[in-house]
Student: 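Got a structure for you, written out below as structure tokens; questions coming shortly.
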Amino acid sequence: MPTGSTSADIGLDAPAVTTGSLTWACIDDLTLTLITPVKYEAEKAVVINGTTQTSVSASNGKYVSGIANSDSSVTYRVNVPASATYTMNIRYANGTGANSTMNMSVNEGTATAVTFAPTAGWGQFVDKSVSVVLNPGDNLIKLAKGSTGTVELDYIGEFLVSSQALITTRYEAENGTISGATVGTASNASNARYVKTIDLSTSYVQIANINAPTAGTYKLTIGYANGSGSTSTHTMTVNGASGPTVSYPVTAGWGKFGLITVNVALNAGNNTIKLQKGTGFAELDYIEVAQTF
Ligand SMILES: [Ca+2]
Ligand SMILES: [Ca+2]
């Protein structure tokens, strides 16, 4: 899409726009990241020679401890949509005061040792990122006691594709369909332009042709400004259906942009997202849509 266009027809098949060393597929107000924020709780996995405990600080109120015997293990069944190398989060606690190791294997393959640094204590959970290669559909991820110490397991989850670039596309608000609002210029705005005076109850910005490769949950990052002094909102409509209400915390002023993220369900193919005035006032710079698994 040509820079400066205010056409409503924003699509990934539009001509690329080059800004410095970056080439954008189309617009610069929406980044697309595909993520399915699924958690697999340890206490719901297959636990061998371990004990389920309760704790208010654990996800789902429970975790698994006592993975301390030579045959102790927790095996999760994880479903992903595509074959890829994923970055996976392991939520764990290690109260031994020293590094512990666990042996991780995927789909009964060769085990590799994963080192877990000590945490503030038992039941004090932190995140550990590991890389796993998964197949489409169900996969078995086994964490077994390793050679040193032990850990408590809360959950695994938040699978991100790491073997390929995240599909991230930015859609500029000023290139969307704009109703009851105007386009302003600012050197600090993405594409140097943004949408302001979204002031009427009917004022909105709509971005069409947001292409999602598969149906799923996507992370939207919205560049906005809110100089009103208090949190404001937009109502979001996704493909004609009511979406989440988007809350905009106060920024440094009008034309002073911040970022918020919101997860939305998108269909495979083209999607249309509309942001309409809710409570108070906000200006819109862009949306980025990111694909995550
Ligand atoms: Ca848990
Ligand atoms: Ca912009």
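Counting starts at 1 for both ligands and their atoms, in listed order. Throughout, numbering of the chain's residues begins at 1 and tracks the sequence. No hydrogens, no waters, no symmetry mates; every other heavy atom, side chains included, goes into these values.
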Student: Please find the N/O/S atom of Glu41 nearest to the Ca ion (ligand 1) and write down its name.
Tutor: OE1
Student: To the nearest 10 degrees, how large is the angle at the Ca ion (ligand 1) between Glu43 OE2 and Asp154 OD1?
Tutor: 170°
Student: Is there a donor-acceptor pair closer than 3.5 Å between any side-chain N or O of Ser105 and the backbone N or O of Ala111?
Tutor: no
Student: Side chains of Asn94 and Thr119: donor-acceptor distance under 3.5 Å anywhere?
Tutor: no
Student: Within less than 3.0 Å of the Ca ion (ligand 2), any N, O or S from Gly223?
Tutor: no
Student: Could you give me the CA-CA distance, side-chain angles and deciding distance for Tyr40 and Tyr76, then say whether ring pair (Phe, Tyr, Trp, His ring centres under 6.0 Å) is met?
Tutor: CA-CA 7 Å; Tyr40 296 89; Tyr76 306 83; 7.4 Å; no
Student: Quick check on the Ca ion (ligand 1): does Ala42 put an N/O/S atom closer than 3.0 Å to it?
Tutor: no
Student: I need the single residue from Asp199, Thr197, Ile198, Val195 that forms a side chain to side chain contact (heavy atoms under 4.5 Å, CB included) with Thr182. Which is it?
Tutor: Thr197
Student: Do Thr237 and Gln276 meet the criterion of a side-chain donor-acceptor pair at a distance under 3.5 Å?
Tutor: no
Student: Could you confirm whether Ser59 has any N/O/S atom lying under 3.0 Å from the Ca ion (ligand 1)?
Tutor: yes
